[in-house]
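Accompanying notes for the structure given below.
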Amino acid sequence: MIRVIIERIVAEGLEAPYEEAARRTLAHALAQPGFISGESLRDLRRPGRRVVLCTWRNVNDWEQWFRSDVRRECLAQIQPMLETGENITILQPD
């Protein structure tokens, strides 16, 4: 099992459309083999900062989703709302 942390900085004023696009992306991820769980969080001290936490069965399942056409299409909708590119961290238990 692995955990994936995706950090994004949403441009001011685009928070609502971002949340909608992020929910659609998470809905697509739910259907992917190896997806276990996911949640989207908002930083209370930095309103534009969003963190997505996902749990995947293994890194191969994550990488298939990461490279999938569906994720690319979802990211194409999200990317214009971001101030910078997303930062992804992949973690595994010790």
Side-chain angles (χ1 to χ4, degrees):
M1 182 175 69
I2 65 162
R3 297 289 306 250
V4 178
I5 301 170
I6 304 170
E7 298 176 82
R8 299 176 177 141
I9 306 298
V10 180
E12 188 174 338
L14 296 177
E15 295 87 358
Y18 167 81
E19 294 297 335
E20 186 177 319
R23 278 192 290 278
R24 283 194 307 271
T25 302
L26 194 52
H28 286 293
L30 284 167
Q32 299 306 305
F35 181 85
I36 296 171
S37 67
E39 60 185 316
S40 182
L41 305 167
R42 179 175 36 97
D43 189 325
L44 291 176
R45 297 182 194 268
R46 293 174 53 198
R49 183 171 181 253
R50 299 296 192 276
V51 176
V52 178
L53 302 174
C54 300
T55 304
W56 292 83
R57 182 176 46 203
N58 57 52
V59 72
N60 291 333
D61 290 334
W62 157 254
E63 287 176 351
Q64 284 184 340
W65 164 245
F66 181 79
R67 292 189 310 266
S68 72
D69 290 338
V70 173
R71 186 178 189 279
R72 277 182 247 217
E73 291 170 13
C74 291
L75 195 58
Q77 295 174 9
I78 290 173
Q79 189 66 39
M81 296 181 244
L82 303 181
E83 290 183 2
T84 63
E86 59 184 10
N87 184 31
I88 298 174
T89 304
I90 302 172
L91 305 167
Q92 67 180 13
D94 283 335

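- Interatomic distance, CZ of Arg49 versus CG of Asp43, reported as 5.0 Å (0.5 Å rounding).
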Review item, side-chain donor-acceptor pairs of residues 87-94, under 3.5 Å, at least two apart:
unit_1: Asn87; atom_1: ND2; unit_2: Glu7; atom_2: OE2; d: 3.3

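- For the residue pair Arg24/Gln77, the side-chain donor-acceptor check at 3.5 Å is satisfied.
- Across all their heavy atoms, Cys54 and Val52 have their closest contact at SG-CG1, 3.7 Å.
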message: Run Leu53 and Arg3 through side-chain contact (heavy atoms from CB on, under 4.5 Å) and show every step you take.
response: CA-CA 7 Å; Leu53 302 174; Arg3 297 289 306 250; 3.5 Å; yes
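- If you take CE on Met1 and OG on Ser37, they are separated by 8.0 Å, rounding to the nearest 0.5 Å.
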query: Under the side-chain contact (heavy atoms from CB on, under 4.5 Å) criterion, do His28 and Glu73 qualify, and how do the steps go?
result: CA-CA 11 Å; His28 286 293; Glu73 291 170 13; over 6 Å; no
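- Heavy atoms only, all atoms of each residue included: Tyr18 and Arg50 are closest at CE2-CG, 3.4 Å.
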task: Might you work through the side-chain contact (heavy atoms from CB on, under 4.5 Å) test for Ile78 and Glu86, ending with a clear yes or no?
output: CA-CA 10 Å; Ile78 290 173; Glu86 59 184 10; 5.9 Å; no
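- Taking all atoms of both residues into account, the shortest heavy-atom contact from Pro80 to Ala76 is CD-O, 3.1 Å.
- Side-chain contact between Met81 and Glu15 is absent, with no heavy-atom pair separated by less than 4.5 Å.
- Atom OG1 of residue Thr55 and atom CG of residue Asp61 lie 12.5 Å apart, to the nearest 0.5 angstrom.
- Tracing side-chain contacts under 4.5 Å through hydrophobic residues (I, L, V, M, F, W, Y), one never reaches Trp62 starting from Ile5; they form parts of separate clusters.
- Heavy-atom minimum distance, Ser68 versus Trp65: OG-O, 2.8 Å.
- When the side chains of ILVMFWY residues are joined at heavy-atom separations under 4.5 Å, either directly or via intervening members, Val51 and Ile9 end up in two distinct hydrophobic clusters.
- Two residues are said to be in side-chain contact when any heavy atoms from C-beta on lie closer than 4.5 Å; Phe66 and Leu75 fail this criterion.
- Residues Leu26 and Leu41 fall into different hydrophobic clusters, defined by Ile, Leu, Val, Met, Phe, Trp and Tyr side chains chained together at heavy-atom separations under 4.5 Å.
- Taking CD of Gln64 as the start and CH2 of Trp56 as the end, the distance is 9.0 Å to the nearest 0.5 Å.
- Between Glu19 and Arg42, no side-chain nitrogen of the basic residue sits less than 4.0 Å from a carboxylate oxygen of the acidic one, so the salt-bridge criterion is not met.
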